[in-house]
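I have placed the structure first, in the form of structure tokens, so that the comments after it can refer back to it.
Throughout, a chain's letter reflects where its sequence line sits, starting with A, and its residues are numbered from 1. Just so you know, these numbers come straight off a predicted model, no measurement behind them.
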Amino acid sequence: MKDLSGWGRYPRLSGPLDVAFDIGPAAAATANLPGVVARGLGRSYGDAAIGRDNTIDATGLNRMQAFDPETGILATEAGVSLAEIIATFLPRGYFPCSVPGTRFVTVGGMIASDVHGKNQHIDGTFGDHVEWLMLALPDHRVIRCSRDENAELFAATIGGMGLTGTILSAAFRLKQIETGWIRQTTHVARNLSEAVALLRQTGTATYTVAWIDVLARGDSLGRSLILEGEHATTEQLPWGDVRFPSSANGRVGVPIDMPGWMLNARTVRAFNELYYRNGARKTGQTTNVPWDSYFFPLDSIANWNRIYGRRGFVQHQCVIPVAKAESAVSEILDRISSHGAGSFLAVLKRLAPGSGLMSFPMEGLTLALDIPVSEKLMTLLTEIDALVVEAGGRMYLAKDATQSPTTFAAGYPQLDRFRQLRSEIGAKDRMASKLSERLGI
Amino acid sequence: MSDIDQQAPPKSLLVIGGTSDIGRAVASAYAAIGWKITLAARNIEAADRNAADIRTRYEAAHVTVRPLDILETATFAGFLDQLDELPDTVVCVVGMLGDQTRAQNDPKHAAQVIRTNFEGPALLLEMLASRFVERGHGLIVGVSSVAGDRGRASNYVYGAGKAGFTAYLSGLRNRLAGTDVQVVTVKPGFVRTSMTADMDLIGPLTAAPETVAARIAALQMRPANVIYVLRAWRLVMFIIRAIPEAVFKKLKL
Ligand SMILES: Cc1cc2nc3c(=O)[nH]c(=O)nc-3n(C[C@H](O)[C@H](O)[C@H](O)COP(=O)(O)OP(=O)(O)OC[C@H]3O[C@@H](n4cnc5c(N)ncnc54)[C@H](O)[C@@H]3O)c2cc1C
Ligand SMILES: NC(=O)c1ccc[n+]([C@@H]2O[C@H](COP(=O)([O-])OP(=O)(O)OC[C@H]3O[C@@H](n4cnc5c(N)ncnc54)[C@H](OP(=O)(O)O)[C@@H]3O)[C@@H](O)[C@H]2O)c1
């Protein structure tokens with residue numbers, strides 16, 4: 001039995017883990033094991049990567065297959081990590097078209113969650129750049145899926161949370177970049193409407209994201225830093241800077257669980273205050289930031305999830321359609337800040353529609369918050385989820401550990417088609433995770 | 001560091017056991033510094049998988065796969081004749097842990113374990129050694145095991161095979177001492193690979209395949225005779241060898 005808990009370490013669950021070292025065994029495990037899903041690096045927060053009865057560790061599928069420098073298309077097995085892809089191809093002048101906030105994720109995990117980066121409103125999700133994928137089905141077949149072959153299953157697998165089969169390998173496009181530096185411009189928003197306006201104004205920038213001080217209240221509710229980024233060109237680098245800096249990340253770690261009391265309203269407030277003031281000093285300035293601290297700031301602290309203590313935490317990420325976005329986000333922030341012991345991290349981003357059947361993104365604003373687990377939490381989340389449903393929004397399955405089946409169903413209009421497709425390929429009841437059981441997928 | 005920078009033609013590496021995790025890591029480390037790679041393996045599909053990975057990660061133009069079954073000793077001469085060139089360095093990682101209990105009751109299984117760890121590798125490296133001597137230079141690296149330093153109840157069939165291989169390498173090194181052909185014995189200790197995936201290994205005594213590979217690649221600059229990849233193992237095995245047999249035989253190891 002292995003601890004299979006997600007990154008939030010809530011819920012705490014363990015189960016048997018079947019390590020697949022090659023394509024053949026991964027496909028066989030998919031067909032032979034009941035109640036199974038694949039697992040990558042376990043960076044989903046809740047119960048998505050925990051099989052109902054069995055879990056396939058796909059990180060042994062770690063071979064790269066081919067790269068075409070002309071088209072930028074890279075084919076790899078599904079367990080290859082984003083960290084390895086960047087380490088290999090950044091020095092050659094290529095970067096993935098879409099990256100999440102950590103590079104310790106696998107290709108399979110990025111496709112199954114159809115992850116979005118800070119450029120999703122312009123460049124789409126990771127799934128938008130996938131050319132084809134090889135999928136192992138519960139009936140022993142291994143099929144190639146693309147926009148032209150098995151197109152419906154392709155669309156269902158992108159964002160399908162591993163519930164249509166095990167992704168064995170995939171090909172996806174990398175884009176060419178001149179340097180490994182990002183030109184970052186910081187803007188300050190004194191409250192939520194300024195933040196929303198700034199996100200709209202900076203909408204033509206390649207990367208934008210807002211970091212919200214969750215504990216600010218009243219007139220300052222939603223005060224935030226908006227970080228805008230562009231890939232720096234060679235000319236924009238100061239003379240003498242390395243074009244492709246290697247990562248300085250990953251040196252410090254949180255070796256043990258921090259005691260829960262360390263993370264109370266006061267320490268979190270102090271952190272947020274510091275972060276906000278620090279950033280505010282840089283307002284309007286443009287600086288060159290290395291790729292790792294721009295895209296993956298949290299990767300510099302190994303096991304940072306342990307700062308939330310033994311009880312773990314949840315990440316609540318919703319997206320709200322444009323029309324109601326500002327009012328709903330404002331109401332959610334209001335509830336959170338009055339809840340007390342709050343969150344280190346709150347991120348606000350613009351999203352455009354995703355391409356998969358069950359993809360999370362839709363035209364609107366997405367808000368992501370970390371909240372430590374406590375008795376009071378579930379009531380708070382139920383209230384917030386009701387606000388999300390009312391505003392026509394949905395919750396991100398890669399982060400989810402708590403939503404109800406009705407909240408879920410309200411957010412995903414294609415759910416019936418997805419279920420039907422699962423029946424057609426014999427995946428219903430066979431491919432199953434704790435998440436799919438909880439939500440009735 | 002790259003050999004290409006010095007404009008000499010790239011050197012070539014032959015990995016015997018090209019499907020093993022340690023072999024893959026060794027081939028990757030050499031490809032990263034511009035060497036030509038040949039992977040010898042009985043499972044061609046699995047070796048092709050590693051070859052594609054190495055080509056993709058290191059922009060390696062010369063990665064070749066060649067069929068070889070280490071138990072088919074009669075094929076060795078033909079295998080060597082058909083190589084594109086005689087390699088500058090050969091690293092032999094072929095091995096088989098087998099099942100100790102089964103080996104006690106099934107002589108066929110025991111023979112396979114012993115032949116895979118000892119007979120096959122020793123005979124093939126002997127042939128390579130004479131070709132290296134004829135050419136005038138070469139580096140031979142044999143991956144053996146600390147299990148060969150002293151026989152233990154839990155794995156002595158494997159250990160005996162490795163002990164034979166270790167002794168063979170030692171003798172070969174002795175014989176070639178006056179030549180430009182180097183012979184190195186590598187004892188990795190515990191390595192986290194698919195061979196040991198199900199075992200509970202002791203963290204501080206366990207190396208990553210990449211660490212073993214880095215030591216083997218460093219041999220190009222820093223010659224050695226016998227390497228314990230993690231230094232702690234030298235001490236551990238010194239102690240284990242020093243225990244008097246009368247005591248040792250009663251230990252549960
Ligand atoms: C610090 C941090 C920041 C993050 N930032 C973002 C962000 O900005 N944007 C974003 O979109 N996400 C973000 N995430 C979420 C993360 O990108 C996703 O959860 C991603 O799926 C994790 O990949 P993984 O390899 O760890 O997959 P796991 O967590 O192991 O699995 C996630 C899902 O993918 C499925 N899966 C994994 N491998 C396969 C396979 N081979 N075949 C089929 N299904 C498979 C699993 O069954 C599961 O449903 C963040 C996570 C962290 C910890
Ligand atoms: N892992 C450890 O902790 C550890 C410790 C000390 C020493 N070692 C030694 O290190 C070496 C590599 O081990 P590993 O951990 O990487 O394990 P491994 O993956 O099992 O490596 C064994 C290799 O030997 C090959 N092989 C076995 N029989 C063969 C045959 N008849 N013909 C051709 N090839 C054959 C295997 O090929 P197939 O893929 O075709 O089976 C495989 O490539 C072995 O010699 C092992 O004894 C390992």
Side-chain angles (χ1 to χ4, degrees), chain A residues 1-3 16-29 55-94 107 134 142 168-174 244 246 255, chain B residues 1-2 4-5 15 17-29 31-34 37 39 41-63 65 93 96-97 191-201 203-204 206 208-210 213-214:
Chain A
M1 295 298 248
K2 284 263 166 42
D3 180 3
L17 185 66
D18 185 276
V19 186
F21 287 104
D22 203 345
I23 299 282
T55 307
I56 301 168
D57 179 349
T59 56
L61 304 180
N62 59 7
R63 305 314 198 267
M64 294 191 187
Q65 298 179 322
F67 179 66
D68 180 348
E70 293 289 308
T71 58
I73 291 172
L74 172 65
T76 74
E77 292 178 3
V80 168
S81 75
L82 180 58
E84 290 173 272
I85 293 169
I86 295 174
T88 307
F89 289 98
L90 183 77
R92 295 192 217 168
Y94 295 89
V107 167
M134 298 298 292
V142 171
L168 302 172
S169 59
F172 46 91
R173 199 169 314 108
L174 308 180
F244 297 108
S246 55
Chain B
M1 206 166 81
S2 163
I4 300 179
D5 297 343
V15 177
T19 57
S20 86
D21 291 335
I22 297 175
R24 176 194 175 199
V26 170
S28 298
I33 54 170
I37 309 293
L39 302 177
R42 59 178 167 180
N43 181 344
I44 296 301
E45 211 180 309
D48 276 338
R49 180 178 176 232
N50 284 344
D53 181 71
I54 293 167
R55 279 184 209 111
T56 309
R57 286 185 199 242
Y58 306 101
E59 294 182 276
H62 304 279
V63 186
V65 170
V93 295
M96 180 183 177
L97 194 53
V191 187
R192 195 159 300 287
T193 66
S194 44
M195 184 175 179
T196 54
D198 302 332
M199 303 181 192
D200 279 323
L201 302 177
T206 305
E210 291 73 24

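Sequence neighbours left out, the pairs with a member in residues 51-61 of chain B that pass salt bridge (Lys or Arg N to Asp or Glu O under 4.0 Å) are A:Glu84-B:Arg57, A:Arg92-B:Glu59, B:Arg24-B:Asp53, B:Asp53-B:Arg57.
For a residue to count as touching a neighbouring chain, one of its non-hydrogen atoms must lie under 4.5 Å from one of that chain's; by this rule A:Ile85 does not touch chain B.
Within the model, atoms CZ of A:Arg63 and CD1 of B:Ile54 stand 9.0 Å from one another, a figure rounded to the nearest 0.5 Å.
Heavy-atom pairs under 4.5 Å with chain B peak, among A:Ile23, A:Val80, A:Leu74, A:Asp22, at A:Asp22.
Closest approach of B:Arg49 and A:Gly60 over heavy atoms only: NH2-O, 3.4 Å. When every heavy atom of A:Phe21 is checked against every heavy atom of B:Ala197, the shortest pair comes out as CZ-CB, 3.7 Å.
Residues meeting the ring-ring contact (aromatic ring centres under 6.0 Å, His included) test with A:Tyr94, sequence neighbours left out: A:Phe67.
Using a 4.5 Å cut-off on side-chain heavy atoms (C-beta onward), A:Thr76 and B:Thr56 make no contact.
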